[in-house]
Amino acid sequence: MELLEINNMVVEFPSRHGVFTAVDDVSLTVAEGEIVGLVGESGAGKSTVGNAVMGLLQSPGHMPSGEIWLHGERIDQLSPSDMRSIRGKRIGMIFQDPMTSLNPIETIEYQLVETIQTHLDVGTSEARRRAVDLLDQVGIPDPANRIKQYPHQFSGGMRQRVVIALALCVEPELIIADEPTTALDVTIQAQILELIKDLCKSRKLGVILVTHDMGVIAETTDRVAVMYRGRLIEMGETDQVINAPQQPYTRSLIAAVPPSNKKINRFPKVAIEESDGNALQNFDLKGHWLGRGDAFDTTVENLLEVRDLQKRFIVKSSILPRNRVYMDAIKGIDFDVRSGETFGLVGESGSGKSTVARVITGIYPDDGGSMRFAGHDLTGASGKDDARAGRQNIQMIFQDPYSSLNGRMKISSIVAEPMIVNKLTDTAEERHQIVTDLLELVGLGKDAAKKYPHEFSGGQRQRISIARALATRPRFLICDEPTSALDVSIQAQILNLLKDLQEQLRLTLLFISHDLPVIRQMCDRVGVMRHGDLVEVADTEALFEYPQHSYTQTLIGQMPKFAK
Amino acid sequence: MISYIVKRALQSVLVLLAVGFVAFGMFRFIGDPIDNMLGQERTDADIERLREILGLNDPFLVQYWNFLKGALQGDMGVSFRQGRPALDIILDRLPATLELAMVSATFAMVVGIFLGIYTAINRKGPITNFILTTSLIGVSLPTFLIGILLIYLFAVELKWLPSFGRGDVVPVGDWWTTGLLTASGLKSLILPAITLGLYQMTLIMRLVRSEMSEVLRQDYIRFARARGLKERAINFRHAVKNTLIPVITVAGLQIGSIIAFSIITETVFQWPGVGLLFIDSVQFVDIPVMASYLMMISVMFVGINFIVDMAYLAIDPRLRGGKGGN
């Protein structure tokens with residue numbers, strides 16, 4: 001008998017605009033000690049399957065047909081209170097973001113003891129003993145003392161361990177892990193996946209691992225189910241699905257994942273995905289406003305020269321300088337970005353890579369060192385005007401396309417704003433024409449100008465960000481994790497677009513990412529950052545094939561790989 | 001943590017000085033107290049002599065400095081109208097206002113938080129709709145109108161409750177008089193307390209409702225549900241405490257404004273508190289009383305804010321120093 005059996009599950013969300021079928025006729029099974037992956041892009045319905053098994057569908061979502069069996073007992077028709085006693089006790093759940101899934105104002109102990117006592121009839125001291133024991137099992141050092149702490153006193157990886165301990169509180173038979181490592185760094189991700197695998201084996205747990213990351217699937221799961229638009233389109237042994245996918249969607253989904261082991265020229269697109277507009281029609285840039293106006297010498301070898309750059313933040317402020325406590329975000333780094341190349345900065349969260357971007361663009365003032373950009377001094381030492389003139393040629397694309405566009409402005413205003421601020425155009429007609437051309441250039445079409453940001457998907461919004469960045473005719477584009485909030489198929493489109501634009505507009509890119517395969521595909525040279533230091537700079541292929549620094553070796557060793 | 005408290009306390013003192021300065025500056029524009037103090041047969045010499053005695057001829061900054069010097073020694077000046085120390089006059093009237101404010105603040109907090117939680121948990125349904133609709137009336141009707149309507153209904157038509165005054169009071173201690181211990185005092189308190197607290201009550205209710213709805217959408221609530229915790233535990237142990245953090249700030253400020261804005265309610269109900277005193281003083285340009293009143297109000301505001309900040313520390317561990325939160 002299978003541990004979990006889902007038969008023909010259908011989940012619907014009725015709304016004013018009709019019924020949306022989030023999950024359409026999905027059947028799957030999970031055995032004891034087995035990890036089943038559920039993979040797909042956002043909106044595929046993979047999280048909804050997990051929520052339906054837990055009986056936690058968000059209202060007005062409901063399950064009009066289908067059956068869920070847990071150990072031969074049908075659980076989808078249980079009363080809410082019966083279902084509640086199964087949740088946490090027989091099925092545990094792990095959420096994506098460990099930063100938000102713990103109650104910030106209660107201690108870990110409180111949350112663990114509360115959960116244990118909800119399900120088991122034990123005294124407080126017994127519950128506390130079990131809680132300490134659990135923390136020990138999920139690898140939290142010094143559990144007897146740390147249990148008294150609050151969630152904000154734990155790092156991201158440690159919090160996810162606490163979340164796992166909470167899910168394991170009452171020895172469940174099944175764990176549903178919903179993107180358990182998406183918010184974590186690659187080294188922490190490897191540890192957490194290892195922990196889940198160990199627990200699965202030692203406790204005979206069944207695990208449903210919901211993720212969008214093919215690498216995680218390949219490393220962790222025994223079997224995998226691929227979902228697309230609410231339907232389960234392929235299911236099988238993980239090796240077989242990844243190496244010999246039967247369905248075209250699966251094939252293109254796997255192809256769209258940037259390979260970590262070799263460099264390819266362009267990213268394949270996901271086949272089923274609707275056409276992404278007529279991206280980048282053959283656009284005659286010679287003679288166009290966007291192509292003209294090279295205000296500075298393009299023959300310089302190093303467009304950007306950074307020497308001994310430093311930045312520190314005040315952690316603890318005080319009136320007396322000697323009592324202040326600083327955190328060194330950038331500890332004196334040197335690097336050059338050559339004209340026309342893509343220079344990558346890679347590192348884990350907190351390594352200072354985004355801070356570098358913000359100091360270069362002037363969002364943060366620097367605390368020492370020098371930055372020369374095409375003859376301009378960006379540190380502001382030789383006058384603010386010089387730095388400002390230089391920065392007009394630097395633009396930035398941010399990570400989160402949902403918060404980096406002003407939701408109350410039309411796209412036309414958003415894209416035109418940099419031109420207005422920098423007084424680049426003479427007439428409103430000219431500006432209007434350039435906005436239209438820019439939107440065509442990034443593949444959105446001129447109709448986009450009249451709309452507002454909320455009418456666009458994440459990938460389209462990132463195209464708008466790119467159009468906005470190009471509006472000052474920059475020569476240097478800083479991309480800070482431009483695709484990490486996007487699905488893999490959209491990521492492929494955006495990265496292709498960046499490559500094309502770079503070629504046509506002779507752009508120089510500073511590309512910041514934590515995603516090693518993406519870095520490998522995009523960059524000519526790469527710098528590896530750790531704790532504010534630049535530990536290694538090398539040509540991309542050399543770095544990936546022969547990493548010199550031990551940290552680079554660890555980082556590359558930890559990245560999830562899957563053979564194709 | 002101690003440095004946090006000290007910093008807050010220093011900021012409070014600065015705020016008080018600024019408020020006093022602004023308030024004192026404004027009094028110069030509301031009229032000349034001499035007009036009311038001397039009768040029809042005054043001469044220019046009389047006026048000049050009185051101005052000199054009262055210090056009204058000094059430059060503004062000197063007047064403010066003298067006022068501060070006196071205030072620090074507990075001397076807020078002598079009322080122009082009654083010839084008694086302004087502080088004594090205020091203290092005489094203060095118990096009435098404080099009792100009214102405390103009762104209506106308690107009413108606003110208890111009822112507001114309760115209804116807010118109820119309507120957040122039961123987002124739809126006839127009772128929630130009724131509460132929300134009625135609360136709109138509380139927000140949109142001006143205080144004096146609510147007071148008059150209540151007087152008309154309960155005092156004039158039904159004759160259940162008195163329409164003005166404080167009823168019988170009994171002394172407690174040296175200077176405090178209370179209406180809370182007599183039947184007529186309690187009856188007199190009901191209408192003004194509701195009038196004064198209704199707006200705050202609806203405000204707190206709507207705030208609690210929106211904050212709690214927000215909290216109930218958080219991941220840690222979903223995770224608590226996924227651990228099989230009982231709805232009661234989720235709503236009352238996890239959600240309410242997180243909800244109350246922002247609510248405390250607003251509620252604290254509201255208590256301050258209840259005291260400050262009791263002026264209108266006190267006028268409508270002829271409540272013998274400091275608000276009514278202030279209105280009388282404005283008409284008479286009684287600068288020492290007005291200045292004392294404003295200082296008292298700002299001391300209360302600042303004091304309440306200080307308490308609110310301390311309450312934050314108690315509730316939210318992330319503010320308690322140690323490894324800093326973000």
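In what follows, chains carry the letters A, B, and so on, assigned in the order in which the sequence lines appear, proteins first and then strands, with residues in each chain numbered from 1. Fair warning: this is a prediction, and the values are worked out from it, not measured in the lab.
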Legend entry - Residues in residues 125-136 of chain B near chain A [non-hydrogen atoms, under 4.5 Å]: none
Legend entry - Other residues, nucleotides, ligands: >12 heavy atoms within 6.0 Å of B:Tyr199 OH: no
Inset, instruction - Verify the distance criterion only: is there a donor paired with an acceptor across the side chains of A:Glu114 and B:His238 at less than 3.5 Å? - result: yes
Legend entry - Interface residues of residues 216-225 of chain B facing chain A - heavy atom cut-off under 4.5 Å: B:Asp219, B:Tyr220, B:Arg222, B:Phe223, B:Arg225
Legend entry - Heavy-atom proximity to chain B below 4.5 Å, by part of A:Ile91: backbone
Legend entry - Residues forming a side chain to side chain donor-acceptor pair (under 3.5 Å) with A:Ser403, sequence neighbours excluded: A:Asp400
Inset, instruction - Output the distance between atom CG (B:Leu244) and atom CD1 (A:Ile105), rounded to the nearest 0.5 Å. - result: 8.5 Å
Legend entry - Exercise: identify the closest heavy-atom pair between A:Thr115 and B:Leu229: CA-CD2, 3.8 Å
Inset, instruction - For the pair A:Glu106 and B:Lys241, evaluate side-chain contact (heavy atoms from CB on, under 4.5 Å) and give the outcome as yes or no after the intermediate values. - result: CA-CA 10 Å; A:Glu106 302 289 358; B:Lys241 212 168 154 190; 3.6 Å; yes
Inset, instruction - With a 4.5 angstrom heavy-atom cut-off, could you sort out which part of A:Leu56 is near chain B: side chain, backbone, both or neither? - result: side chain
Legend entry - A:Gln117 versus chain B, the contacting section by heavy-atom distance below 4.5 Å: neither
Legend entry - With B:Lys230 via salt bridge (Lys or Arg N to Asp or Glu O under 4.0 Å) - residues at least two apart: none
Legend entry - Toward chain B, the part of A:Met54 with a non-hydrogen atom under 4.5 Å: side chain
Legend entry - Pairing of A:Arg84 and B:Glu231 as salt bridge, 4.0 angstrom limit: no
Inset, instruction - Decide if atom CD of A:Gln58 counts as having more than 12 heavy atoms of other residues, nucleotides or ligands within a radius under 6.0 Å. - result: no
Inset, instruction - Give a yes or no on whether A:Phe313 atom CZ has more than 12 heavy-atom contacts from other residues, nucleotides or ligands under 6.0 Å away. - result: yes
Legend entry - Under 4.5 Å from a heavy atom of chain B, the part of A:Thr100 involved: both
Legend entry - Which atoms of A:Val170 approach chain B - backbone, side chain, both or neither, heavy atom under 4.5 Å: neither
Inset, instruction - May I have the step-by-step check of side-chain contact (heavy atoms from CB on, under 4.5 Å) for B:Arg227 and A:Thr118, ending in yes or no? - result: CA-CA 9 Å; B:Arg227 299 202 302 271; A:Thr118 300; over 6 Å; no
